[in-house]
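In what follows, a single structure is set out as structure tokens and then discussed.
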Amino acid sequence: MHQPLRWLWLALAVIVLDLGTKYLASGLLDYARPVEVLPFFDLTLLHNTGAAFSFLAGHPGWQRWFFATIAVGASIGLTVWMRRLKRDETLLAVSLALIIGGALGNLYDRLVHGYVVDFLSFHAAGWYYPAFNVADIGITLGAIGLIWESLFAERRRARRHG
């Protein structure tokens with residue numbers, strides 16, 4: 001096995017943690033009833049038929065298959081990209097694995113439920129950030145890793161080879 005693919009275990013860990021926490025949230029929380037954990041953080045079970053920030057949520061259902069297709073295509077494309085990485089491109093491999101895990105965790109929800117289960121809700125001074133889940137955390141951390149890599153990897157490679 002090519003070394004960067006060894007990070008796919010991280011994608012599996014994100015999927016398992018995501019689906020496990022969604023299962024718990026769905027079983028223990030009442031829909032749309034916040035449970036305060038901290039003054040700025042609630043557990044609030046919500047169902048999102050759209051994408052991030054409920055984008056396209058108000059449409060009649062075609063978006064379910066649209067976002068499922070994107071998740072499958074992105075996961076395949078990112079796995080191919082990961083396969084082509086060099087052994088020392090660890091941050092890139094980890095970032096891709098986190099995004100793949102998040103995409104597949106939310107894909108499961110879309111295919112099985114027709115919506116994504118969200119339950120983590122942050123707020124301050126009457127402003128509420130859209131609820132999210134562990135898959136979304138994986139996608140966000142992976143995207144931050146990709147941005148970091150794009151900003152600083154070239155400089156690091158130049159120092160190493162210069």
Side-chain angles (χ1 to χ4, degrees), residues 1-23 25 40-41 43-44 46-57 59 62-124 127-162:
M1 176 168 62
H2 194 266
Q3 289 297 71
L5 289 180
R6 76 179 184 274
W7 290 101
L8 286 175
W9 70 265
L10 186 56
L12 181 60
V14 169
I15 294 166
V16 169
L17 186 59
D18 178 60
L19 296 180
T21 56
K22 288 174 179 174
Y23 176 80
F40 57 88
F41 173 64
L43 296 175
T44 307
L46 297 171
H47 299 157
N48 182 0
T49 57
F53 307 107
S54 296
F55 177 66
L56 297 179
H59 290 266
W62 62 265
Q63 73 277 18
R64 172 185 186 184
W65 304 109
F66 175 71
F67 292 127
T69 302
I70 289 173
V72 169
S75 296
I76 291 169
L78 294 175
T79 303
V80 169
W81 183 7
M82 184 187 290
R83 173 73 177 93
R84 295 177 178 166
L85 295 177
K86 294 178 179 70
R87 289 183 108 152
D88 65 338
E89 294 180 298
T90 304
L91 177 60
L92 199 47
V94 167
S95 299
L96 295 174
L98 288 169
I99 294 169
I100 292 166
L104 294 178
N106 282 340
L107 172 65
Y108 175 88
D109 278 5
R110 285 187 201 292
L111 295 178
V112 171
H113 306 299
Y115 54 80
V116 173
V117 175
D118 290 324
F119 61 93
L120 302 170
S121 176
F122 285 88
H123 53 88
W127 177 83
Y128 282 77
Y129 188 80
F132 59 99
N133 57 46
V134 172
D136 298 333
I137 293 169
I139 292 168
T140 301
L141 291 175
I144 290 168
L146 290 180
I147 292 167
W148 183 270
E149 186 71 14
S150 72
L151 292 174
F152 300 109
E154 202 55 46
R155 216 178 304 166
R156 217 174 27 252
R157 277 192 276 280
R159 274 197 309 261
R160 204 177 309 143
H161 299 293

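For this chain, numbers begin at 1 and follow the sequence in order.
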Table please: side-chain donor-acceptor pairs of residues 138-147 below 3.5 Å, with sequence neighbours left out.
{"from": "T140", "atom 1": "OG1", "to": "D136", "atom 2": "O", "distance (Å)": "2.8"}

Between [atom1] of [X] and [atom2] of [Y], what distance do you get to the nearest 0.5 Å?
X    : Y    : atom1 : atom2 : result
F119 : T44  : CZ    : OG1   : 11.0 Å
L98  : L96  : CG    : CG    : 9.0 Å
W7   : E89  : CH2   : CD    : 13.5 Å
N106 : L19  : CG    : CG    : 9.0 Å
L92  : R84  : CG    : CZ    : 13.0 Å
W65  : L111 : CH2   : CG    : 5.5 Å

> Hey, mind stepping through Y108 and L104 against side-chain contact (heavy atoms from CB on, under 4.5 Å) and telling me if it holds?
Replying inline: CA-CA 6 Å; Y108 175 88; L104 294 178; over 6 Å; no
> Can you list the steps and then say if R83 with L8 is a side-chain contact (heavy atoms from CB on, under 4.5 Å)?
Replying inline: CA-CA 10 Å; R83 173 73 177 93; L8 286 175; over 6 Å; no
Heavy-atom pair of closest approach, residues [X] and [Y]:
X   : Y    : value
A68 : R110 : N-CD, 4.1 Å
L46 : A131 : CD1-CB, 3.7 Å
V14 : V134 : O-CG1, 4.4 Å
M82 : A93  : CE-O, 3.3 Å
A71 : A103 : CB-O, 3.9 Å

> If we only count heavy atoms from C-beta on, is the H47 to D109 side-chain gap below 4.5 Å?
Replying inline: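 Result no, sub-4.5 Å side-chain heavy-atom pair not found.
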> Are I15 and I100 close enough, and set up right, to give a side-chain contact (heavy atoms from CB on, under 4.5 Å), and what steps lead you there?
Replying inline: CA-CA 9 Å; I15 294 166; I100 292 166; 6.0 Å; no
> ring pair (Phe, Tyr, Trp, His ring centres under 6.0 Å) with F122: which of W127, F41, Y129?
Replying inline: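 Going through W127, F41, Y129 one by one, the ring pair (Phe, Tyr, Trp, His ring centres under 6.0 Å) with F122 is satisfied by F41 alone.
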>> Using the side-chain hydrogen bond (donor to acceptor under 3.5 Å, both in side chains) definition, which of the options T21, D118, N48 pairs with N133?
In response: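 With N133 as partner, T21, D118, N48 yield a single side-chain hydrogen bond (donor to acceptor under 3.5 Å, both in side chains), made by D118.
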> So among Y128, F132, F40, which one has a side-chain contact (heavy atoms from CB on, under 4.5 Å) with S121?
Replying inline: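 Only one option passes, and that is Y128.
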